[in-house]
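Starting off with a structure, shown below.
Heavy atoms only: backbone and side chains are in, while hydrogens, waters and symmetry mates are out.
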Amino acid sequence: MHVIAGLGVSGVAAARSLARAGHQVVVVEGRDGERQRAAAAELATLGVEVRFGGGLPPETSLVVTSPGWRPGHPLLVEAAARGVEVIGEVELAWRRRPPGAAPWLALTGTNGKTTAVRMLTSMLVAAGYDAVAVGNVGTPIVEAVEKPYDVLAVELSSFQLHWSSTLAPAAAAVLNVAEDHLDWHGSMEEYARAKGRVFERAGVVVYNADDPLTARLAAPYAGAVGFTLEVPARGRLGVVEDLLVDRAFVGDPAGTAEELATLADVRPFAPHNVANALAAAALARAYGVPAEAVRQGLLGYVPDPHRVAHVARVAEVDYVDDSKATNPHAAAASLAAYPSIVWVAGGLLKGADVDDLVRRAAGRLRGAVLLGADRGRIREALTRHAGNVPVTEVEGQDTGVMDRVVTEAARLASPGDTVLLAPAGASLDMFADYGARGDAFARAVRRMAGS
């Protein structure tokens with residue numbers, strides 16, 4: 001019997017795949033809600049039993065766990081104690097690839113994963129490949145491997161990598177590694193180790209040469225290819241004046257630089273997005289994508305919402321939604337893109353420290369408006385490292401507080417400033433997800449502009 005832990009998107013996909021292959025499948029789910037009941041009804045048509053609650057069935061031979069289930073969950077602990085293998089949907093997909101299946105170009109990182117994987121997909125499509133973005137980006141990999149794609153652009157989270165042991169992508173990249181999900185992994189060391197697993201069997205290793213921890217993860221791998229926002233050495237990709245260039249995949253022993261694109265081709269423009277573009281380009285070039293297709297891919301890429309998205313200009317003040325900045329590292333990248341900022345921040349910090357973020361951004365801050373459960377911790381950091389910056393806290397856990405947040409931000413802003421929603425925390429204390437938070441911010445800005 002194969003047991004699926006959780007009725008999320010990946011769990012349902014894994015259950016479908018195994019049931020269609022003729023395995024006896026039982027799903028164990030802790031929540032008994034309307035969505036879970038609907039998923040159970042669908043799976044029942046395939047002969048899959050769903051149990052709400054309970055332990056590990058005695059006859060279990062394999063557990064496929066959803067990414068959200070922590071290693072310390074009683075069912076997974078029980079599986080380990082009984083010697084039952086636990087894997088994730090990503091590992092299941094790798095093992096279930098049919099002969100001649102599409103190779104994987106995989107990437108992970110604390111921030112920028114979805115942007116980079118969509119840039120990569122656009123580059124592959126521009127080169128004429130039938131490619132699709134899968135994994136943590138939304139489409140379950142276990143479904144994609146059953147279709148005749150040429151190549152898969154695979155976004156992997158630390159959760160997914162934790163439960164993967166045999167992946168061997170054609171090329172793999174780590175964008176960056178910073179504090180995040182420490183409540184899940186237990187320590188920064190374990191979190192970084194999970195990220196580094198993407199390199200273990202990769203054909204080509206790609207890493208961020210500007211990020212010391214990422215470079216350390218890549219150090220054991222001979223021939224690893226770095227990308228940098230500086231002028232690149234031979235064997236790297238980087239930036240020369242206003243050009244993105246390749247000195248790694250040029251087929252020239254001297255490493256003559258080949259132009260891939262211009263900085264103007266990267267949208268929305270910000271230093272961290274240039275790094276994302278270089279990482280995507282490195283993976284694409286490792287797969288043989290020509291330079292012109294890299295540029296066409298960047299030009300064809302449509303940014304996802306809530307990532308450094310300009311909402312409006314009101315009274316010579318720009319309002320920018322980067323609600324996707326759900327940890328301090330992402331917020332730091334966003335804050336570094338603007339010279340004069342009224343910062344809208346707060347939410348659930350997930351165990352991360354914000355002192356270094358505030359210390360580095362202090363010179364750019366003209367004011368801060370804080371909301372959410374952990375706003376007090378951000379205020380304390382501002383007091384320590386940016387004591388001259390005016391700070392307003394907006395109390396309340398209802399989603400309607402965003403109008404007050406925007407009003408306070410407008411009061412603190414002067415012409416030429418940017419009011420930047422870069423929360424540095426997750427949204428679930430107040431909103432359904434980061435998208436709902438960003439939408440609330442944008443609506444509040446537009447209401448203020450209209451009035």
Side-chain angles (χ1 to χ4, degrees), residues 109-116 118-119 175-176 178 180 208 210-211 214 227-230 238-239 241-244 261-281 298 301-314 316-347 352 354 356-369 378 381-382 385-386 389 406 409 412-425 434 437-438 441-442 445:
T110 302
N111 298 301
K113 295 185 294 296
T114 299
T115 295
R118 292 204 188 282
M119 286 177 170
L175 306 177
N176 44 66
D180 200 15
N208 185 345
D210 298 334
D211 185 79
T214 304
F227 61 91
T228 173
L229 297 181
E230 305 296 330
V239 178
E241 297 180 347
D242 66 339
L243 300 176
L244 277 64
T262 70
L263 292 177
D265 297 328
V266 179
R267 297 168 295 122
F269 178 80
H272 61 286
N273 262 349
V274 176
N276 292 334
L278 288 166
L298 287 175
Y301 161 70
V302 178
D304 284 358
H306 313 298
R307 292 164 170 82
V308 199
H310 189 269
V311 177
R313 171 170 284 188
V314 183
E316 298 182 61
V317 174
D318 289 313
Y319 291 78
V320 174
D321 165 20
D322 196 21
S323 185
K324 185 62 173 67
T326 57
N327 56 61
H329 184 266
S334 190
L335 288 163
Y338 303 96
S340 184
I341 301 162
V342 175
W343 183 28
V344 178
V354 292
D356 188 55
L357 162 66
V358 173
R359 188 185 303 111
R360 290 161 56 192
R364 300 171 179 268
L365 299 180
R366 303 296 172 262
V369 182
I378 300 176
L382 286 162
H385 306 294
V389 173
V406 168
L412 293 172
S414 301
D417 288 347
T418 298
V419 172
L420 174 64
L421 173 65
Y434 72 82
R437 178 171 59 190
F441 175 77
V445 169

Is the backbone N or O of A116 less than 3.5 Å from a side-chain atom of R118, with the two atoms forming a donor-acceptor pair by type?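 Between the backbone of A116 and the side chain of R118 there is no qualifying donor-acceptor contact (under 3.5 Å).
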
Holding to side chain to side chain donor-acceptor pair (under 3.5 Å), I want the full list of residues that pass it with H329, two or more places apart in sequence or in another chain.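 H329: side chain to side chain donor-acceptor pair (under 3.5 Å) contacts with N111.
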
Closest heavy-atom pair and its distance - A381, V358: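 The pair with the smallest heavy-atom distance is O-CG1, 3.6 Å.
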
Y319 and F441 aromatic ring geometry - parallel, tilted or perpendicular at 30°/60° bounds: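 Geometry flag for Y319 against F441: tilted rings.
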
How would you list, by chain and number, every residue that makes a side chain to side chain donor-acceptor pair (under 3.5 Å) with T214, sequence neighbours excluded?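 Partners of T214 under the side chain to side chain donor-acceptor pair (under 3.5 Å) test: D211.
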
When rounded to the nearest 0.5 angstrom, what distance separates NZ in K324 from OG1 in T326?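 Reported to 0.5 Å precision, the distance equals 5.0 Å.
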
Are the side chains of P423 and R437 in touch, meaning some heavy atoms are under 4.5 Å apart?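 The answer is yes, as the side chains (C-beta and beyond) meet within the 4.5 Å cut-off.
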
Side chain to side chain contact (heavy atoms under 4.5 Å, CB included), paired with D321, selected from V308, L421, V344, V419: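 Per the side chain to side chain contact (heavy atoms under 4.5 Å, CB included) rule, the option paired with D321 is L421, out of V308, L421, V344, V419.
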
For residues F227 and L175, report the shortest heavy-atom separation together with the two atoms involved.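 F227 and L175 have their closest heavy atoms at CZ-O, 4.0 Å.
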
For T228, is there any backbone N or O sitting under 3.5 Å from a side-chain donor or acceptor partner on D210?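 No, D210 side chain to T228 backbone: no donor-acceptor pair under 3.5 Å.
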
If we ignore hydrogens and angles and just use 3.5 Å, is the side chain of T110 paired with the main-chain N or O of A178 as donor and acceptor?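 A pair under 3.5 Å: yes.
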
So, taking the atom named NE2 in H272 and the one named CG in N176, what distance separates them when rounded to the nearest 0.5 Å?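 Rounded to the nearest 0.5 Å, the NE2-CG separation comes to 10.0 Å.
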
Testing the basics here: between A361 and L335, what is the closest heavy-atom pair and its distance to 0.1 Å?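 Here A361 and L335 meet closest at CB-CD1, 3.8 Å.
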
For W343, run the side chain to side chain contact (heavy atoms under 4.5 Å, CB included) check against V369, T418, L412, I378 and tell me which one passes.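 With W343 as partner, side chain to side chain contact (heavy atoms under 4.5 Å, CB included) holds for just one option, I378.
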
Kindly give the heavy-atom pair with the smallest separation between A422 and A345, and that separation in Å.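 Minimum heavy-atom separation between A422 and A345: O-CB, 4.1 Å.
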
Side chain to side chain donor-acceptor pair (under 3.5 Å) with D265: which residues, sequence neighbours excluded?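 Side chain to side chain donor-acceptor pair (under 3.5 Å) list for D265, sorted by chain: T262, R295.
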
Does any N or O in the side chain of R364 come within less than 3.5 Å of the main-chain N or O of Y338, such that one atom is a donor and the other an acceptor?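 Pair found, side chain donor or acceptor close to backbone of Y338.
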
For N273 versus M119, what's the shortest heavy-atom pair and its separation?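 Here N273 and M119 meet closest at O-CE, 4.0 Å.
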
List the residues meeting side-chain contact (heavy atoms from CB on, under 4.5 Å) with V389, not counting sequence neighbours, and say none if there are none.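 Counting only residues at least two positions away or on another chain, V389 forms a side-chain contact (heavy atoms from CB on, under 4.5 Å) with L365, A386.
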
List in chain and number order the residues that pass side chain to side chain donor-acceptor pair (under 3.5 Å) with D417, two or more places apart in sequence or in another chain; answer none if no residue qualifies.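 So D417 forms a side chain to side chain donor-acceptor pair (under 3.5 Å) with S340.
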
Contacts of R360 that satisfy side-chain contact (heavy atoms from CB on, under 4.5 Å) - sequence neighbours left out: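 With neighbours one apart ignored, the set is A332, D356.
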
Taking all atoms of both residues into account, what is the closest heavy-atom pair of R366 and P339, and its distance?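 Scanning both residues completely, I find the closest heavy atoms to be NH2-O, 3.8 Å.
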
Straight-line distance of E316 CD to S414 OG, nearest 0.5 Å: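 Reported to 0.5 Å precision, the distance equals 10.5 Å.
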
For residues L244 and L278, determine if any side-chain heavy atom of one lies less than 4.5 Å from a side-chain heavy atom of the other.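 Yes; the side chains approach each other to less than 4.5 Å.
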
